[in-house]
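Just so it is clear: chains get the letters A, B, ... in the order the sequence lines come, proteins before strands, and each one is counted from 1.
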Number of protein chains: 2
Amino acid sequence: MSPRPHRERQIPNLHERILHTAWQQIAAEGAAALSLRAIARQLGITAPAIYRYYPDRDALVTALIVDAFTSFAAWQAAALEGTTPHDHAGRLCALGLAYRAWAVAHPERYQLIFGTPIAGYHAPLEITMPAAQRGLSLLIQVLAQAHAAGKLRPLSPVPLPAVFDAEGVDPQVLFAALTLWCYVHGMVSNEIGRQYPPVLRDAEVFYRHALQTLTAQYLL
Amino acid sequence: MSPRPHRERQIPNLHERILHTAWQQIAAEGAAALSLRAIARQLGITAPAIYRYYPDRDALVTALIVDAFTSFAAWQAAALEGTTPHDHAGRLCALGLAYRAWAVAHPERYQLIFGTPIAGYHAPLEITMPAAQRGLSLLIQVLAQAHAAGKLRPLSPVPLPAVFDAEGVDPQVLFAALTLWCYVHGMVSNEIGRQYPPVLRDAEVFYRHALQTLTAQYLL
DNA sequence: CATATAAATATACACTGTTTATTTAATAAT
DNA sequence: ATTATTAAATAAACAGTGTATATTTATATG
């Protein structure tokens with residue numbers, strides 16, 4: 001076998017083809033089964049060839065994570081498109097439903113981001129945090145609009161301690177955003193991770209009801 | 001080297017020593033780095049020897065998970081000991097604080113249970129669910145007591161759909177328990193998994209304030 | 001046409017979980 | 001006391017992994 005194939009047999013856009021193949025295998029076998037050698041096999045190349053495009057496995061995983069966050073942020077943005085700007089409850093609900101819908105549609109991507117399925121992988125926060133931020137920023141935006149309209153209900157009987165390095169964003173808005181996100185994340189990760197107890201029959205109905213309760217709690 | 005050591009050199013309680021060594025290495029290197037061979041090395045035995053006690057790696061992981069759940073349930077139970085039976089808010093708060101305290105004290109155990117750090121591992125739910133249940137049952141118990149005392153605030157403006165296979169436990173209690181658990185789990189898993197955005201300075205203060213807000217929302 | 005570069009391969013190393021056959025210490029039976 | 005049995009470990013090997021190094025060759029450049 002020749003050490004380098006003719007140009008006709010070369011794979012164009014190998015950089016993206018590797019990512020695409022990785023997603024294919026993650027969807028089929030789960031994120032934990034990610035293997036450079038398996039990707040190489042499917043592409044008809046050898047494993048070290050991947051190192052031309054990604055310095056190591058972790059770099060590939062990071063690229064996948066950024067990819068997933070981008071996909072997630074797109075879903076979030078799309079969810080707001082069908083809503084009217086002043087229907088704060090509707091927009092909040094839409095974001096919440098889109099959050100779960102994306103996770104259910106792509107459970108492996110969800111686990112890749114929020115679980116820790118890759119052995120020994122530690123995310124470089126300077127790369128993944130900005131990508132993650134984009135998803136959260138829409139929620140903050142919607143809540144900030146509700147706050148500006150005076151529709152954000154004061155949540156706590158006691159004053160909020162100074163826990164934020166806020167720049168222009170109201171701490172109450174940040175607190176509402178983070179708590180809502182944690183809530184929703186907890187429900188979705190329990191559903192995707194099959195952690196719910198058997199007494200819960202329908203996780204989706206449960207989720208919708210919880211979301212309805214939440215919007216009523218957070219908005220006037 | 002002889003194929004079997006003399007009795008004096010044999011390791012007693014190897015079954016438990018394996019678990020203990022596994023926890024040691026998980027604490028040092030993270031759950032993802034779990035390795036049968038590394039455990040064997042540290043114990044001065046060969047890797048296949050472990051197979052006398054655990055049929056495969058997944059069985060060992062399952063034993064570790066059950067172990068972790070047991071430890072967690074013990075912390076939850078201990079948290080209630082310093083409280084008085086009718087101080088429902090205090091008891092709820094104690095459970096919530098204990099939840100986070102356990103996770104912060106044993107982040108690897110937490111990730112092992114709720115993350116998915118072991119490549120290719122799928123938990124046998126018939127074994128892990130009952131163990132997980134024990135932790136949740138205390139929360140349900142506390143909320144049921146509050147409900148019996150008429151101190152559980154009705155949460156939603158709309159009626160709760162029938163999503164539970166409840167046996168003797170009020171659906172409102174179950175709903176409150178599950179939502180509270182999801183909320184707390186979301187916050188803790190975001191903290192442990194370093195998913196919080198940098199604007200949040202102090203995750204512990206944030207958690208305490210959220211918990212305080214929650215108890216006020218859930219209890220009268 | 002000669003040279004330099006880029007992109008792949010081949011090979012090898014140190015790991016991993018797991019299977020098989022083998023060896024031996026301890027125990028039970030005669 | 002000797003023999004047979006059983007239990008618990010080892011040794012060796014297999015297929016898989018990520019990754020480093022050296023090599024080869026197709027292509028682009030002077």
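Atom-to-atom, CG of A/Asp56 to C1' of D/dT17 comes out at 14 Å; the value is rounded to the nearest Å. For B/Ile50 and C/dT16, the CD1 to C1' distance is 12 Å, given to the nearest whole Å. When the P atom of C/dA8 is taken as reference, atom NE2 of A/His15 falls 12 Å away, rounded to whole Å. In this entry the distance linking OH of B/Tyr54 with C1' of D/dA9 reads 17 Å, nearest Å. Rounding to whole angstrom units, CZ of residue A/Arg57 and P of D/dA20 are separated by 12 Å. Atom CD1 in B/Ile18 sits about 12 Å away from atom P in D/dA8, given to the nearest Å. As rounded to whole Å, 14 Å separates atom P of C/dA21 from atom CZ of B/Arg52.
Residue pairs meeting the side chain to side chain donor-acceptor pair (under 3.5 Å) criterion with at least one partner in residues 60-83 of chain B, sequence neighbours excluded, are B/Trp23-B/Asp67, B/Thr62-B/Tyr121, B/Thr70-B/Arg134, B/Ser71-B/Trp102, B/Thr83-B/Arg91. Applying the salt bridge (charged side-chain N to carboxylate O under 4.0 Å, His left out) test to pairs two or more places apart or on separate chains, those with a residue in residues 187-200 of chain A are A/Arg100-A/Glu191.
With rounding to the nearest 0.5 angstrom, the OG1 atom of B/Thr21 is 3.5 Å from the CG atom of B/Leu43. Atoms CD1 and CD1, from A/Ile18 and A/Ile50 in turn, are 5.0 Å apart once rounded to the nearest 0.5 Å.
For B/Phe114, the ring-ring contact (aromatic ring centres under 6.0 Å, His included) partners two or more places apart in sequence, or in a different chain, are B/Tyr110, B/His185.
A/Tyr53 comes within 4.0 angstrom of sugar-phosphate atoms only, judged by non-hydrogen atoms across all strands, and of no base.
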Could you give the side-chain donor-acceptor pairs of residues 200-208 of chain B under 3.5 Å, partners two or more places apart or in another chain?
residue: B/Arg201; atom: NH1; partner: A/Asp165; partner atom: OD1; Å: 2.8
residue: B/Arg201; atom: NH2; partner: A/Ala162; partner atom: O; Å: 3.1
residue: B/Asp202; atom: OD1; partner: B/Glu204; partner atom: N; Å: 3.0
residue: B/Asp202; atom: OD1; partner: B/Val205; partner atom: N; Å: 3.1
residue: B/Glu204; atom: OE2; partner: B/Arg208; partner atom: NH1; Å: 3.2
residue: B/Tyr207; atom: OH; partner: B/Gly96; partner atom: O; Å: 2.6

Can you list, pair by pair, the side-chain donor-acceptor contacts under 3.5 Å of residues 168-180 of chain B, counting residues two or more places apart and other chains?
residue: B/Asp170; atom: OD1; partner: B/Gln172; partner atom: N; Å: 2.7
residue: B/Asp170; atom: OD2; partner: B/His147; partner atom: NE2; Å: 3.4
residue: B/Thr179; atom: OG1; partner: B/Phe175; partner atom: O; Å: 2.8
residue: B/Thr179; atom: OG1; partner: B/Ala176; partner atom: O; Å: 3.0
residue: B/Thr179; atom: OG1; partner: B/Tyr218; partner atom: OH; Å: 2.8

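Comparing C/dT20, C/dT9, D/dA9 by their closest approach to the side chain of A/Pro48 singles out C/dT9. For B/Thr46, counting side-chain heavy atoms from C-beta on, the closest listed nucleotide (D/dT10, C/dT18, C/dA8) is D/dT10.
Sorted by residue number, the members of residues 32-43 of chain B with any non-hydrogen atom under 4.0 Å from DNA chain C read B/Leu34, B/Ser35, B/Leu36, B/Arg37, B/Arg41.
Residue-to-nucleotide proximity on DNA chain C shows that, of B/Pro55 and A/Ile45, the 5′-proximal contact is made by A/Ile45.
Between B/Tyr51 and C/dT18 there is a side-chain polar atom (N or O) within less than 4.0 angstrom of OP1 or OP2.
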